[in-house]
Structure formats: C-alpha cells, structure tokens
Amino acid sequence: MSETGIGQRVKRKEDHRFITGKGRYTDDINLPGQTYGYFLRSPHAHATIKSIDTSAAKKMPGVAGIFTGEDIANDKLGGLICGWMIHSKDGSPMKAGPHPVLAQGKVRYVGDHVAFVVAATKEQAKAAAAAVDVSYAVLPHNVDAAMAMTAKAQVHDVAPDNRVFNWSLGDQAATDAAFKAAAHVTKIDLVNNRLIPNAMEPRAAIGSYDSGSDHFTLYTTSQNPHVARLVISAFHGLAPEHKLRVIAPDVGGGFGSKIFIYAEEVACVWASKKIGGRPIKWTAERSESFLADAHGRDHVTHAELATDATGKITGLRVNTKAAMGGYLSTFASCVPTYLYGTLMSGQYAIPNIYVEVDAVYTNTAPVDAYRGAGRPEATYVVERIVETAARELKMDPGEFRRKNFIKSFPHQTPVIMCYDAGDYAAALDKALQIADYKGFPGRKAESAKRGKLRGVGFSAYIEACGIAPSAAVGSLGAGVGLWESAEVRVNPVGTVEVLTGSHSHGQGHETTFAQLVSDRLGIDIDNVAIVHGDTDKVQFGMGTYGSRSGAVGMTAISKALDKIEAKAKRVAAAVMEASTNDVEFKNGTFTVKGTDKKMAFGEVALAAYVAHKFNSAEIEPGLKESAFHDPSNFVFPAGVHICEVEIDADTGVTEVASYTAVDDFGNIINPMIVEGQVHGGIVQGIGQALTEGCVYDKESGQLLTGSYMDYCMPRADNVPSFKLGFICTPCPSNPLGMKGCGEAGAIASPAAVMNAVTDALGVRDVPMPATPQVVWQVMQPMKKAAE
Amino acid sequence: MENFAYHRPASVADAVAAMKKAKDGKFMSGGMTLLPTVKQGLAAPSDVIDLTGLKNSGISVSGSSVTVKAGTTHVDVATDKGIRQVVPALSALALSIGDPAVRNRGTIGGSISNNDPAADYPAACLGLGATIHTSDRKLAAGEFFTGMFTTALKPAEVVTAVEFPVPAKAGYAKFPNPASRYAMVGVFVAKLKDGSVRVAVTGAGPAVFRVPAMEAALARDFSAKALAGVTVDAKTLNTDMHASATYRAHLIGVMAKRAVEVAK
Ligand SMILES: Cc1cc2nc3c(=O)[nH]c(=O)nc-3n(C[C@H](O)[C@H](O)[C@H](O)COP(=O)(O)OP(=O)(O)OC[C@H]3O[C@@H](n4cnc5c(N)ncnc54)[C@H](O)[C@@H]3O)c2cc1C
C-alpha cells in the first residue's frame, strides 16, 4: 500500500495555505468598484412595520442604494423557501408562512431583515442605516417552544396556533398496546437546548452583476453552491442558472449553518443589478452571526419506554415540540421529522415505536440543521431514556443495552430505516475495556475522598447519514435528489483534476479525495488536485452535510475512476497491441498478461491525448470521465461512548474526567482526519451538555446570549484528552465500504455526558447546559434532605 | 465606530492638558476594554489620549510595599519575580486575567480606572488596602472604587501607580464566569503585617466590596474553618443568567475558604 493511499494518516494538503494565512475566504476577495452592504435589523421580537422612511438616509454620503421589502415586492423577487414538504398526521401540508428576503409589513424575530443599505464603505452604510426611520407597532411575542401553541403571539397568519405541522411516524395503536402489556414503563421529560452554530468564519457574500453579458456572480460562504444557484434561480427567480455563477471559495466551518440559502446573499446579488452592477460585499459581524445564522436543536420532549419482565424493550413513545423560529429555513422541516423520528430505534430491537412532533413558530432566529441535525436530538431521547430505564430496573446500563441490541442485519426498524451492517456488542466490549469500566467503583471512591462526586454515562448511538437515496427522500417530501457527482480529468502528463460536487469547509477533502485517486491510479498525491465550490467549474453537486461526502461524494469519484481505468485500458491495449481483456492495471502500471509489456499511467494518459496509436473511430481521444452516484441506502455509523464526570459539590462545577469513544465508521480513508472529526464532534457535544445554551429573554424577546461574553463555547480546558477506538463493519451499500464520521461525535456525546452527570448526582434529569449554577441548583434539595 | 482625534502625550502633565482641552476625551492604556466599546459604538469619544507614550510601566518591590506603575501590563505583574516572592496572590490574580493577548496589552491602571464589577484587580487593591497614586493625589482603595464602573477619579485625572503593602499572607480564589472568564465571584483575603485581616469580593456585587463578618472571623482564626457559618446577604448581589444572587452568595463562602487555604 502506498504511503498516501487509503487508510494512511496523510497530513492535510490544504493546511499549508490555511495556517500560513493564504486561505482565500469570501471576505478576502475584493472586486473592482465594490460597495458594502449593511442590514438594518429588527430590534423587536415581533412587530408590524407601520412605515419605513429612507429619504434622509438616501442622502447620506456614499450611499448607493437602500432597499426594503417594498422593492423586493416590486421586483417580484421570490421568497426564501423551505425545500422539504412535511404533511401532518391529518394529511394537510405544512403551514409555511411567507419568508421575504426583506421584511414585508412585519418582523418576526430580533435580527430579522428590515432594510438593506448599500454604500461606498461599510461605515457609510452603517451610518445611513442609523438614519433609516422605521416605525413599529410592537406585537405580543413568544420565544418558547413549549408555549407556542397557546401563546398570544401569532407568528404567521397561516398558522393560527403557531403549529407548522403535527407529524407522526410509527404505529400508534400497536405501540399503545405494547405499553398496556408492559411490565415497567419509564418516563422522562427532556429539553434539547437551542444552540448557536458559531462557525469560525462568519457568513459573507459578494454579489455582482455584469450588464455586458447580463450575468450575475455570487461569492458566498456556502456548503452547497449549486443548490444555492438552483434556489436563487428557480425560486427567487433572479436569473436562469446559466446566467448565475455561485462560488463558495475557502469556507471556514459550517456545521450545517452554511447549507441554507439566506436573505443576505440573495439581497447582495439582487441589489448589485439595482445599483448598476457595482459588486456588493456583506460580511457578518459576529453579533449578526449570533442573531441571524440558523440556530440548532430547541426541542421539548416527553418520552416513555416500555419493558417486559425480562428487561426487553417492547415499545417507545415520543412526543416532541420542535421550534422552527420565525420562519421556515431551507431544510428546517426535515430535521425534527425524517432526520429525527427515523432514528428512534437506536441500536435496539424495539418492536413498537410511535413518534409525534409538533413543529412550532417562535419569535426567534430560524432553526435548521446543525451538526447531526435531528440525530443528536433522537440519540439524546433514546440514550437518556434507556439509561434511566436501566437504573430503574437496577440493571447495569451496559448490560441492559447489550440485552436489547439488534444482533442480525439487515434489520428493518418500525420507523423506516433499514440498518445494513453493524456489531454493537463489539463496540460496547471495546468501549468497556478502553474506559476500564470495571475500575469505575475504585475511581468513584477515590473522587469521593477528594470531596468530588463521580458519575459514569453511556451513549450507544446510531445515526443515518451518507444522505441520501434520492427516490427515498423524494417519497418523504424532499424537494431535491441527494446524489453526488464527480468528474475526473486526467491531463496529458498524467496529473489529475477531480471536480466534485462535495464542498470542503474544514473536512479535508483535498486530502482524502486525493488519497482515493492516488490509491486507485498509483500516482503521487501531489499530482492530484481537488476542485470544488464553483458552479462554473463543477458540473453539478449537492454539497456537503449529513456526513455524505465520503459515502456519496467519494463513491461518485470512485465510479468515475472505474471509467477512467476502463478507458485507459483500451488505450493501453491499442498502444501495446494487445487485447483489452489481457491488460491489467496495478500500482500505476498497465501490463499485458503473459508478456513483459508495460506502460506507466502517465504514458497511457499521454497516448490518449496524442491519439496517434489508435483508431479514433473506435476510441475517442482524451481521458476524462464523469459519474453521478445515487446511494441505495443511508449509511449507519454507530458506536458506544462512555463518559466519566467529576462534580465539585461545593460549586457545581462539572469536569469531564474521561471520555471514551468507540465508533464504527466502516472503512476509513485517513484515520488522522477521522479522529479530528470525532474530537471536534465530541467537543461540540460536551459544549451542548455543559456550556452552550442560546437564551432569549422571555419578557423582551431579546437574545441574551448575543456574544461570547454570555454564550459559552467549550474551550480546550473544558475537555479531557479523548480515548478513541474503532471497530469496522464495512458498509455494504458503497464500494468503498465507508460510513460517515463528521457528525457522530456531536450526536453521541450529549447523552453520554448527561447520563454521567445524572449518575453522579443520583437524579433523573439535569437540564442542559449543566452549568455550575444549574448543577448547584439541582443539588440544593438534596443537601436540604441530607441536613 | 465614530472617528476621533488621537493624541500620544509624553508626560502626565501633557496628558492632563490634552484631556482638559478635549470635548469628550478618553484616556487609553492597553485599549483592551476601551477599543471594543468604541468599535461597537458603545463609546464615541471625541479624543483618545493614549497613555503608552508616558512609558509609565515598571514594578518596584521593597520590604514593606510593592509599587506597580499604572502602565504595567498584566503579564509583567504575573511574571515578576519580586512580586512572586512577597505577594504570590497578586501574581496568581494577574495570571488569571483574560488570555495571553489581553494580558500582554491590558494594564493595571486601565483595569482599576475602568472598575468593571467583574474585574480582578479591584479585589487585590481593596483586599490588600492599596494606595492609588494619581496625577493629583493619593487615594486609599476604599475611597477609589465608588460603584459600578465608577471611581473617585476626576475627569482629567490619571492613575499613575498602585502601591500595595506587603502582607503577612494573602490568597485569591476566582470562580470564573464560564463564558467570559471574568470573575463571577473572586475573593481576595489578606492578613496584613499589623495582624488585621481584609476580605474583598469582586464579581458578585455592583462593585468590589469588603465582608466585615469574614474579616472578624479570620482575625480571630485565619483558617478556612473559621469561616464556617459566616454568610453574605444575597440581597445586594447581582443576578444574571450565569448566577443568581443566592448562588453568588454561596460561592463567596466557598471562594473565601479556598482563598484562605491557598494564602501564602
Ligand atoms: C477577552 C478579554 C478578557 C478579559 N478578562 C478579564 C478578566 O478575566 N479579569 C479582568 O480583571 N479583566 C479582564 N479583561 C479586561 C482587561 O483586564 C483590560 O485590560 C482592563 O480592564 C483594561 O485595561 P487596559 O489597559 O486595556 O485599559 P483601556 O481599555 O485602555 O482603558 C480602560 C478604561 O480605563 C481608562 N484608563 C486607562 N488607563 C487609565 C489611567 N492610567 N488613568 C485613568 N484612566 C485610565 C480608560 O479611559 C478607559 O475608560 C478582559 C478583557 C478582554 C478583552
């Protein structure tokens, strides 16, 4: 195996430019004649706009244009869409309220877009925005998912009770019957706290219009530039696709928040034409990111688990209220439904499952997919209630899980998913061993000597990623297919360019994708370039999210490489005067069976372009192939995480004392990159469990956690050194046997941490984030009781 | 951000004169607090008078006192060998401020003049009974810190140095706000050479304050267990999303004990 092939810890090719400051992000790009855009945002959580007077502001120095919802309406610029249709239990379609690019008549959250001010400098745009006179009539507001259906505030006319849909999955009657017959029922109430994504690079966009060619260009911080082009073209109606180029250059992290098509980028590209074609740049300030990036999670759930007398799980019932915010963001509706309810079987053979979800409007920033999207919420429900049931049944939480694990594959769950491969007991065994679970009582006693409360918690998560089979998601309401494309261009000298529809914004595709090519073609990894993020270069693509770039994106590349190999064999056969069937390709060399004839890959590439040695009527010159890959199933990474925490009873401070993660990602291309993804995911999950929580003030509707002074990102000293292990059951539905690793850490960890915290304290629940104050408060009644 | 006129005087007298001339001037030392507020539009001074031109930094340690010039950065206080010998609690406090970037720019003069209710230095000043030297006078710490973000400084008065008495023993225990890492509760305890005890609390109330009940208890017996049962009334303390007044009152008790335990 070569040193840069599949399975090798190849250092990331892209890191040189990132760590030497040579990355080229949207804000690094400056176009001639560029102007700056600034959004005047709503200071109110909910209000009608009585009037907007821009006359004084328009006269301010440097102003090139000021636009409001009226201009959007006059131009018939389409609204922002939610691309996944969900139907309620009663068959009615979800109630999608209008989502104009700039507010029309009403604002629905603090930070909503009221006016777009464009000026020669950012300072001038800001100054002019301050001079825009908006008169509001404040309306009652509600920021709380649990209260939405009974709140005085009515966010959208189409949804009088603020309910977007009332969706269900599973057989309610059979599940109710299972509960009637149960020997024991475990009940739990959970809140999955709202999170703010906080990508390191804030969102940014540059829109420009060229009147000469009647052509628009949009630079944007996107995880999926082709989808952005499709939506801006087909739904906003700005320009047909061949007259709109979308470029997502280096992008500094997304975590889902850059999947969506936002008002800001549409406004920049639309308004550029209105000001005569001068480019307009907008770069979010960090406080705008807090206010107006799509947030994550925000669920309120009641769940019940039925078990029989032997400790076998016989049923699961889940009822969730999921906040959508003030508008439905691009994929908001699929997150608490088909990315959530479908994972409720966890790793367990549960015969009866019923899930009901009310999605509700609240006067907050829109909520959409955030690292894990629905699957962390599902795992949190399943793994918290399973752990609680084990405690109630006085069974070891590991052994209770083992007893209920799915043991044979494929396994059809009652909630759509058909798991293809896995070995959950193997992951559990390995995790127990790495975590030294047997030694826990000793460590607990040792902690107690120091006055600390120690707890241990499990999370045996499963997720469905490698998103997703197009026909399947289509039947569930998706507006798009979720295949991926690749084009492999071999240059005459044998170097290779791969054009991929996947988009790297931290994942390291320039390295892992090149490893695949290096491995398959036997060429130096430095002779491979990965091209992505530009609709003028790459044929089409669905982008990167849902841990799909390996399983789906790389499979497309692999298929294109199959075609390259087949074609190259024909060329080699012609040149070496052999039959194609006798040509073999290994380690970058073509040989003819039974002879000593051979040609290097580069020689064959050159021969393909020189085209002297074959009949062009039979073999087309050139060496370039493309492929589209539509997966036949989701992929199902799974694993067991074990967390130990130590709580300072005096202050309520929780320390993650140790964290073990054993994951099954199938075959791994680059273990170093995978470990990095796992580390990052676990840190985000520890953040959700212990430090991060988005808080809106109930009284005022203002965002209280609007900066890092109050929104607590996890830091290096909040996390231990992780202990990782891997098992491998190759994925049967793609030729590389890969699953996805990008989200697993964030999916698994909140439940592991909170199971450990509740174990340490001996309580059923502690709300997330379990900050020192929260833990201390939980301990107060216990202390009183002890006194 | 609004534009402003920038001055960099070379003497305290010039700095005072520049301030007197300015319509709405602001002194600037490290700029770690001032500049973010200016950038966010929360402050819009007509003139910024940069005090780094005074070259007023440096530490001198004598048997009875430690004098830190106003322009001395947090990192210099944290790493000064003399301070580490005679008041290690002060070194530890300086090291607990912000992050390396903040410690490399932020100054003691800027910190105490700003008198952020969650800042660390005010606890050391009040806890040790420091004397604040200004362009006009000398003030006892107890007179200097007057309230939330307010001090006894007159509009054109410059802090020039802080003089700390060398204590017999002192300790600082900080419970950081999980997000900002400023003090959510910070307690500085000192047993002075004359045998008196001072306990100063930052982060918990509108401004740094002393706790006479704890001082009395520790004067009798300078040990953590002497503080058992000594409580602080939550009524005057801050409540925010990170900590209720009751929780802060509780933390004052815990941090006071820890400060006594680490006192050297
Ligand atoms: C990310 C971050 C984290 C921080 N964490 C902490 C922390 O944990 N604990 C903590 O205590 N602090 C913390 N700080 C504040 C930090 O210590 C600042 O450096 C300090 O508060 C101000 O010092 P400065 O020299 O930067 O003052 P500047 O920002 O320059 O000035 C602050 C104020 O003091 C006035 N001023 C400055 N010098 C003088 C003078 N000589 N005479 C009169 N007035 C003067 C200015 O006019 C201004 O009003 C943090 C700051 C940041 C940015």
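Numbers restart at 1 for each chain; the letters A, B, ... are given by sequence-line order, proteins then strands.
Heavy atoms from other residues, nucleotides or ligands lying under 6.0 Å from CD of Gln780(A) number more than 12. Applying the 6.0 Å contact sphere to CE of Met60(A) captures more than 12 heavy atoms from other residues, nucleotides or ligands. By the 6.0 Å contact criterion, NZ on Lys122(A) is enclosed, its count of non-hydrogen atoms from other residues, nucleotides or ligands being greater than 12.
Side-chain contact between Met184(B) and Gln773(A) is absent, with no heavy-atom pair separated by less than 4.5 Å. Taking the side chain as every heavy atom from C-beta outward, His242(B) and Thr771(A) never approach each other to under 4.5 Å. Annotation: side chain of Thr651(A) is in contact with side chain of Met255(B) (closest heavy-atom distance under 4.5 Å). Here the side chains of Trp776(A) and His250(B) are in contact, with some heavy-atom distance below 4.5 Å.
Heavy-atom pairs under 4.5 Å with chain B were tallied for Val695(A), Asp717(A), Leu690(A); the largest tally goes to Asp717(A).
Annotation: the span from Gln777(A) atom CD to Thr246(B) atom OG1 amounts to 8.0 Å, rounded to 0.5 Å. Atom CG of Asn177(B) and atom CG of Asp710(A) lie 7.0 Å apart (nearest 0.5 Å).
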Residues Lys257(B), Asp650(A); criterion salt bridge (charged side-chain N to carboxylate O under 4.0 Å, His left out); working and verdict:
CA-CA 11 Å; Lys257(B) 284 181 196 137; Asp650(A) 287 337; over 6 Å; no
side-chain contact (heavy atoms from CB on, under 4.5 Å) between Thr705(A) and Met241(B), worked out:
CA-CA 9 Å; Thr705(A) 49; Met241(B) 82 178 92; 3.6 Å; yes
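Closest approach of Asn718(A) and Arg181(B) over heavy atoms only: OD1-NH2, 3.4 Å. Heavy atoms only, all atoms of each residue included: Pro772(A) and Tyr247(B) are closest at CB-OH, 3.1 Å. Across every non-hydrogen atom of Arg715(A) and Pro178(B), the tightest pair is NH2-O, 4.0 Å.
Heavy atoms of Arg248(B) lying under 4.5 Å from chain A are absent altogether. Contact of Val653(A) with chain B is made through the side chain alone, with heavy-atom distances under 4.5 Å.
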